[in-house]
*Asks:* 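One structure, as structure tokens, below. Some questions next.
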Amino acid sequence: MERLTEQLVEARGKKGPDGSILLHSLQEYLGVVAALALQLRFFDLDTFKIRVMKRSMIKLGEEKKFEPLANYILHIPHLFGFTGDNYLPKYLEVEIKRRRQLSERNEQYDIVQFILDNPCLFDLNKIESIGYILSLLIHSGTTLLKVYLNKVFLDIALTPGVYEHLYQEQCHIIEEHGKKIELDILDKMEILDSTILESIRLSSHQEWLVRYLNKDFVLSNGVSLHKGTYVSFDMLGHTHNEKIFGKDPEKFNYKRFVRSGPMHQPLGDVSARNLLWGVGPRMCMGKDYSIAIMKLILSIHIRKYAIKPAFLGHKEGDTIHTFKIDKKPSFVYFIPQ
Ligand code: HEM
């Protein structure tokens with residue numbers, strides 16, 4: 001985690017007066033960290049391989065369907081959400097060349113090694129295209145992530161008592177385990193886990209897990225679905241079902257999923273109470289990264305700042321930090337404590 005933070009500061013070089021990283025654009029931040037996470041093997045590379053093959057993206061750089069897309073992105077990186085350089089393609093190029101010259105196989109099983117180990121899937125003469133396609137993957141994932149993360153910040157800021165409880169949880173963790181945040185420490189943040197899941201549950205879309213039918217299908221209740229149509233799961237109806245989520249499913253109850261409660265549900269485990277990451281073979285590949293980064297960003301902010309809504313959160317003279325969402329300042333203010 002420390003390495004991630006160091007590399008992040010290095011990549012963006014912006015520190016606040018108190019040494020904190022200023023979040024100029026939440027998505028840029030998430031994108032940089034996701035690129036770093038690919039190096040640290042946060043993604044399940046074996047599953048990635050299966051999907052690459054299944055989707056017949058054989059030889060990523062060569063595939064006709066993807067090449068124009070990669071070229072398109074190459075010429076308009078600013079539309080891509082990242083300002084400055086998109087350094088992932090450059091990193092891949094340099095690192096792949098370097099490792100090909102090594103006499104022994106590199107120990108680190110990361111995205112670079114994955115590409116080198118699977119020449120049947122990747123055309124190594126088109127490393128730049130591979131880099132941009134990976135950037136596209138990160139971009140679409142982080143677009144979703146920034147929206148949800150902002151929603152969690154808003155719920156914490158707007159609901160009385162939530163920030164205080166989350167702050168107490170962090171103080172308790174610091175007392176027991178010190179200030180360092182490692183992956184196993186993130187697992188101990190159970191109120192935060194429940195808060196994130198509850199916040200995202202309540203921002204569900206009606207249409208979730210959209211599928212195109214390539215054959216006719218009859219459901220167990222007799223409803224016929226026809227080839228050539230799109231179907232989706234009614235997530236809004238599902239997340240408001242009392243039988244699954246208990247009393248007052250429409251209300252924000254940040255303790256709904258805590259370990260000691262009857263609805264206990266960890267953010268990372270898929271079940272009827274948690275379809276956030278999808279289910280089955282198309283499940284989110286950025287799940288572990290997304291959970292770790294959301295908890296990391298939230299816990300760092302809870303420890304350092306009082307999280308308040310912009311309209312009532314500060315007194316004159318207070319130092320205020322905020323971040324941008326789609327070029328607009330977020331409604332959440334961070335006041336150093
Ligand atoms: C809170 C944030 C996120 C949520 C809620 C989320 C949710 C999902 C869901 C529900 C699916 C399955 C879609 C389906 O079955 O039709 C999915 C797939 C996927 N997600 Fe995420 N995701 C998030 C963040 C990310 C991030 C940050 C990345 C990468 C950096 C990512 C990469 C992927 C990939 C590669 C797939 C597989 C697509 C496929 O096989 O078709 N996701 N995600």
*Asks:* State, with a plain yes or no, whether a side-chain heavy atom of Y167 is found less than 4.5 Å away from one of I307.
*Replies:* no
*Asks:* In the hydrophobic clustering that connects Ile, Leu, Val, Met, Phe, Trp and Tyr at side-chain heavy-atom distances below 4.5 Å, which members other than Y212 occupy its cluster, ordered by chain and number?
*Replies:* V210, Y230
*Asks:* K251: what forms a salt bridge (Lys or Arg N to Asp or Glu O under 4.0 Å) with it, not counting sequence neighbours?
*Replies:* D248
*Asks:* For H226, is there any backbone N or O sitting under 3.5 Å from a side-chain donor or acceptor partner on T229?
*Replies:* yes
*Asks:* Do Q265 and S271 have side-chain N/O donor and acceptor atoms under 3.5 Å apart?
*Replies:* yes
*Asks:* To check you understand the geometry: which heavy-atom pair defines the closest contact between T143 and K146, and what is its length?
*Replies:* O-CG, 3.3 Å
*Asks:* Under the 3.5 angstrom rule, does the side chain of W208 hit a backbone N or O of L236 as a donor-acceptor pair?
*Replies:* no
*Asks:* Does the distance from a Lys or Arg side-chain N to an Asp or Glu carboxylate O, for E95 and K97, drop under 4.0 Å?
*Replies:* no
*Asks:* Less than 4.5 Å apart, any side-chain heavy atom of H165 and any of K255?
*Replies:* yes
*Asks:* For the aromatic rings, using the six-membered ring if either is Trp, is the centroid distance between F233 and H238 under 6.0 Å?
*Replies:* yes
*Asks:* Please find the pair of heavy atoms, one from P309 and one from A157, that lie closest to each other, and give the distance.
*Replies:* CD-O, 3.3 Å
*Asks:* Determine the minimum heavy-atom distance between K308 and I335, stating which atoms define it.
*Replies:* CG-CD1, 4.0 Å
*Asks:* At what distance, to the nearest 0.5 angstrom, does OG of S203 lie from CE of M235?
*Replies:* 9.5 Å
*Asks:* What are the two closest non-hydrogen atoms of I291 and G268, and how far apart are they?
*Replies:* CD1-CA, 3.3 Å
*Asks:* Suppose the criterion is salt bridge (charged side-chain N to carboxylate O under 4.0 Å, His left out): which pairs have a residue in residues 151-173, not counting sequence neighbours?
*Replies:* K151-D155
*Asks:* Under the 4.5 Å side-chain heavy-atom rule for ILVMFWY, direct or indirect, which residues accompany V231?
*Replies:* L213, F217, L219, V223, L225
*Asks:* Against F153, only a single residue in F331, F334, Y333 fulfils ring pair (Phe, Tyr, Trp, His ring centres under 6.0 Å); can you say which?
*Replies:* F334
*Asks:* Do L183 and I300 sit in one hydrophobic cluster, given that two such residues count as connected whenever their side-chain heavy atoms are within less than 4.5 Å of each other, even indirectly?
*Replies:* yes
*Asks:* Applying side chain to side chain contact (heavy atoms under 4.5 Å, CB included), run through E182 and I185 and close with a yes or a no.
*Replies:* CA-CA 5 Å; E182 299 281 0; I185 300 294; 4.3 Å; yes
*Asks:* Report the residues that fulfil salt bridge (Lys or Arg N to Asp or Glu O under 4.0 Å) with D187, sequence neighbours left out, ordered by chain and then residue number.
*Replies:* none
*Asks:* Identify the heavy atoms of P249 and L202 that sit nearest to each other, and give their distance.
*Replies:* O-CD2, 3.5 Å
*Asks:* Check the pair F245, R201 against side chain to side chain contact (heavy atoms under 4.5 Å, CB included), reporting the backbone distance first and the verdict last.
*Replies:* CA-CA 10 Å; F245 294 97; R201 178 183 74 85; 3.5 Å; yes
*Asks:* Are I200 and M294 close enough that some pair of their side-chain heavy atoms sits under 4.5 Å apart?
*Replies:* yes
*Asks:* Given the rule in the side chain to side chain contact (heavy atoms under 4.5 Å, CB included) test, do L124 and I115 qualify, once you have shown the distances and angles that lead to the verdict?
*Replies:* CA-CA 8 Å; L124 293 182; I115 292 170; 3.6 Å; yes
*Asks:* I want to check something: taking the side chain as every heavy atom from C-beta on, are Q170 and S299 in contact at a cut-off of under 4.5 Å?
*Replies:* yes
*Asks:* How long is the span from the CD1 atom in I173 to the CD1 atom in I191, to the nearest 0.5 Å?
*Replies:* 9.5 Å
*Asks:* Please check this pair: side chain of S199 against backbone of I196, looking for a donor-acceptor N/O pair closer than 3.5 Å.
*Replies:* no
*Asks:* Do any pairs count as a salt bridge (charged side-chain N to carboxylate O under 4.0 Å, His left out) and have a residue in residues 289-302, sequence neighbours left out, and if so which ones?
*Replies:* D193-K295
*Asks:* Distance check, rounded to the nearest 0.5 Å: D269 atom CG versus L276 atom CG?
*Replies:* 12.0 Å
*Asks:* Should L267 and L144 be regarded as members of a common hydrophobic cluster, given that ILVMFWY residues are connected when their side-chain heavy atoms come within less than 4.5 Å of each other, either directly or indirectly?
*Replies:* yes
*Asks:* Look up atom CG in L166 and atom CZ in R303, then write down how far apart they are to the nearest 0.5 Å.
*Replies:* 12.0 Å
*Asks:* Give the cluster check for I174 versus L298: same hydrophobic cluster or not, with ILVMFWY residues linked at side-chain heavy-atom distances below 4.5 Å.
*Replies:* no
*Asks:* Rounded to the nearest 0.5 Å, how far does OG1 of T195 lie from CZ of F252?
*Replies:* 5.5 Å
*Asks:* Would you compute the distance between atom CZ of F257 and atom CG of N274 and round it to the nearest 0.5 angstrom?
*Replies:* 7.5 Å
*Asks:* Output, in order, the C-alpha distance, side-chain angles, deciding distance and verdict of salt bridge (charged side-chain N to carboxylate O under 4.0 Å, His left out) for E190 and K188.
*Replies:* CA-CA 6 Å; E190 69 148 324; K188 299 187 192 300; over 6 Å; no
*Asks:* Give a yes or no on whether the backbone of V112 and the side-chain of R99 come within a donor-acceptor separation of less than 3.5 Å.
*Replies:* no
*Asks:* Check this for me: H172, atom NE2, are more than 12 non-hydrogen atoms of other residues, nucleotides or ligands nearer than 6.0 Å?
*Replies:* no
*Asks:* Quick check: does any side chain N or O of R256 sit under 3.5 Å from a backbone N or O of S194, one acting as donor and the other as acceptor?
*Replies:* no
*Asks:* Mind running side chain to side chain contact (heavy atoms under 4.5 Å, CB included) on L192 and I302 for me, showing each step along the way?
*Replies:* CA-CA 10 Å; L192 186 59; I302 292 164; 3.9 Å; yes
*Asks:* Identify the two heavy atoms, one from M283 and one from G278, that lie closest to each other, and give their separation to 0.1 Å.
*Replies:* CG-O, 3.4 Å
